[in-house]
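Here the structure is a predicted model, which is why all the values come from computation and not from measurement. Counting from 1, the numbers follow the sequence of the chain as shown.
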Amino acid sequence: MGVTLAKGGNVSLSKAAPNLTQVLVGLGWDARSTTGAPFDLDASALMCGGGRVLGDEWFVFYNQLKSPDGSVEHTGDNLTGDGDGDDESLLIDLPKVPPQVDKIVFPVSIHMADERGQTFGQVSNAFIRVVNQADGQELARYDLSEDASTETAMIFGELYRYQGEWKFRAVGQGYASGLRGIALDFGVNVS
């Protein structure tokens, strides 16, 4: 069992699994238990250097499932949160991540949140976790517990390089401006 992090906490993945090469970043949430439209949460990844995405093609999400170099891959869109375990996941091949990428940020947004009147304050048991692909061991986990009554998108966590090591940080930063707001903050060209 890996480390359970609080907001802002971080862990060295390189120390937890010394020969780590491939990780799965899994995100999950519970299906809606009240009346109304299901929660369609969308995981994505922003491959950044110096706090900005390297380019629009380095924004991996449900309409662009792979980074140009193939180091980050989105495994597909879950529309409801039904079932146990990870609802959406991204595969990261750490040795293939280009050296100019110093962090990979993982935003999660609620699809059509404004139209459906949904916020993260209504979503139950949302989490992000990092799993070693080699042995299936969970290395780190962050359970989102904040009251996010106005947020329609959140940065759940980030993988980052620090002095030759890969680390994971639990972020938990909410945005009322949705995925568009996060994308704009990181320099993605949004139409």
- Task: Return yes if some donor-acceptor pair links the side-chain N/O of S67 with the main-chain N/O of S71 below 3.5 Å, else return no.
- Result: yes

- Interatomic spacing from CZ in F168 to CG in L13 - rounded to 0.5 Å: 8.0 Å

- F120 vs L41, side chain to side chain contact (heavy atoms under 4.5 Å, CB included): CA-CA, chis, key distance, verdict: CA-CA 10 Å; F120 270 98; L41 271 57; 3.7 Å; yes

- Message: Looking at A43, is its backbone amide N or carbonyl O close enough to the side chain of E88 to form a donor-acceptor pair, meaning the two atoms are under 3.5 Å apart?
- Response: yes

- Answer whether the closest heavy-atom distance between the side chains of N10 and L5 falls below 4.5 Å. no

- Task: Check side-chain hydrogen bond (donor to acceptor under 3.5 Å, both in side chains) between S12 and all other residues, then give those that pass, not counting sequence neighbours.
- Result: E165

- Query: Do V97 and R161 touch side chain to side chain, with heavy atoms closer than 4.5 Å?
  - Reply: yes

Show me the donor-acceptor pairs, under 3.5 Å and distance only, between side chains in residues 51-61 and residues at least two apart or in other chains.
unit_1, atom_1, unit_2, atom_2, d
R52, NH1, D185, O, 3.4
D56, OD1, N189, N, 2.9
D56, OD2, N189, ND2, 3.3

- Query: When rounded to the nearest 0.5 angstrom, what distance separates CZ in F127 from CG in L144?
  - Reply: 11.5 Å

- Query: Under the 3.5 angstrom rule, does the side chain of T4 hit a backbone N or O of R141 as a donor-acceptor pair?
  - Reply: no

- Query: Does any pair with a residue in residues 89-98 pass salt bridge (Lys or Arg N to Asp or Glu O under 4.0 Å), and if so which ones, sequence neighbours excluded?
  - Reply: none

- Under the side chain to side chain contact (heavy atoms under 4.5 Å, CB included) test, residues paired with A16 that sit two or more places apart: L139

- Task: Can you see which heavy atom on L179 is nearest to which on S44, and at what distance?
- Result: CD1-OG, 3.9 Å

- Message: Would R169 pass as a cation-pi partner of Y160, given that its NZ or CZ must be under 6.0 Å from the six-membered ring centre and within 45 degrees of the axis?
- Response: yes

- Full working for side chain to side chain donor-acceptor pair (under 3.5 Å) between T150 and T119: CA-CA 6 Å; T150 62; T119 67; over 6 Å; no

- Task: Sequence neighbours left out, what passes side-chain hydrogen bond (donor to acceptor under 3.5 Å, both in side chains) with N125? Give chain and number order.
- Result: D30

- If you take all heavy atoms of C48 and F186, which pair is closest and at what distance? SG-CD2, 3.7 Å

- In the single-linkage hydrophobic clustering (I, L, V, M, F, W, Y; side-chain heavy atoms under 4.5 Å), do V171 and L184 co-cluster? yes

- Message: Just so I know, are the side chains of L90 and T75 near enough to count as touching, which here means a heavy-atom distance under 4.5 Å?
- Response: no

- Message: Measuring only between side-chain heavy atoms, which start at C-beta, is T152 closer than 4.5 Å to Y175?
- Response: no

- Value rounded to 0.5 Å, distance of NE2 in H74 from CG in N63: 10.0 Å

Can I get a per-line list of side-chain donor-acceptor pairs under 3.5 Å for residues 100-110, giving both atom names and the distance, sequence neighbours left out?
unit_1, atom_1, unit_2, atom_2, d
D102, OD2, G50, N, 3.0

- Mind checking who shares a hydrophobic cluster with L91, ILVMFWY linked at side-chain heavy-atom distances under 4.5 Å? L24, V131

- Item | Distance-minimising heavy-atom pair for Y142 and A6 | CE1-C, 4.1 Å

- Message: Within a 6.0 Å radius of atom CG on D135, are there more than 12 heavy atoms belonging to other residues, nucleotides or ligands?
- Response: yes

- Message: Give me the atom names and distance for the closest heavy-atom approach of M47 to P98.
- Response: CE-CD, 4.2 Å

- Query: Just wondering, do L94 and L20 contact through their side chains at under 4.5 Å, heavy atoms?
  - Reply: yes

- Query: Considering all heavy atoms of both residues, which atom of S89 and which atom of G26 are nearest to each other, and what is their separation?
  - Reply: CB-CA, 4.1 Å

- Rounded to the nearest 0.5 Å, what separation is found between the NE2 atom of H111 and the CZ atom of R116? 6.0 Å

- Mark yes or no for whether K7, through its side chain, and G172, through its backbone, hold a donor-acceptor pair below 3.5 Å. yes

